[in-house]
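What follows is a short report on a single structure.
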Amino acid sequence: NAIRGLLMVLCEIPVEKISELEIPNGLPLIYDVKSKCIKLLDDGSGNDPLEVYNFGKAASYLFRPCKDENGEDEECDITYMAGGLFSEDEIEDAKKLRSSIVK
């Protein structure tokens, strides 16, 4: 329920829809702060995660178009992220955020 609560805020899921969200066990969900969307790690299988995992009726709230820095829609499909977990820019952004919080 704690993860549902976080996702409800981060993904702007309506309170009346949050109970329809299923969160698969053991599947890392990556929230991209910059583009405000959920991404999944590449497991190398090539399978569509919506066919493999049950995200429930509210899955569309997790996997909707991402936003770029200007608030415009950008390509953000539900395929797994390829390569490393975070880009150099994302690591730098996280360091800046952390330092502003720790002050």
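- Lys17 approaches Ala58 most closely through the heavy-atom pair O-CB, 3.7 Å.
- With values rounded to the nearest 0.5 angstrom, Ile3 atom CD1 is found 10.0 Å from Leu21 atom CG.
- A chain of hydrophobic side-chain contacts below 4.5 Å, direct or via other Ile, Leu, Val, Met, Phe, Trp or Tyr residues, connects Val15 to Ile13.
- The minimum heavy-atom distance between Cys11 and Tyr31, with the atom names listed, is SG-CE1, 4.4 Å.
- Scanning for salt bridge (Lys or Arg N to Asp or Glu O under 4.0 Å) contacts around Glu16 gives an empty result, with sequence neighbours left out.
- Distance check: Phe55 CZ to Leu7 CG gives 10.5 Å after rounding to the nearest 0.5 Å.
- Considering all non-hydrogen atoms of both residues, Glu22 and Asn54 come closest at CB-O, 3.2 Å.
- With rounding to the nearest 0.5 angstrom, the CG atom of Leu29 is 11.0 Å from the CG atom of Leu10.
- Under the side chain to side chain donor-acceptor pair (under 3.5 Å) criterion, Asn1 pairs with Arg4, not counting sequence neighbours.
- Both Ile38 and Leu27 are assigned to one and the same hydrophobic cluster, defined by single-linkage of ILVMFWY side chains at heavy-atom distances under 4.5 Å.
- Residue Pro28 comes nearest to Gly26 through the heavy atom pair CD-O, 3.5 Å, listed as atom of the first residue, atom of the second, then distance.
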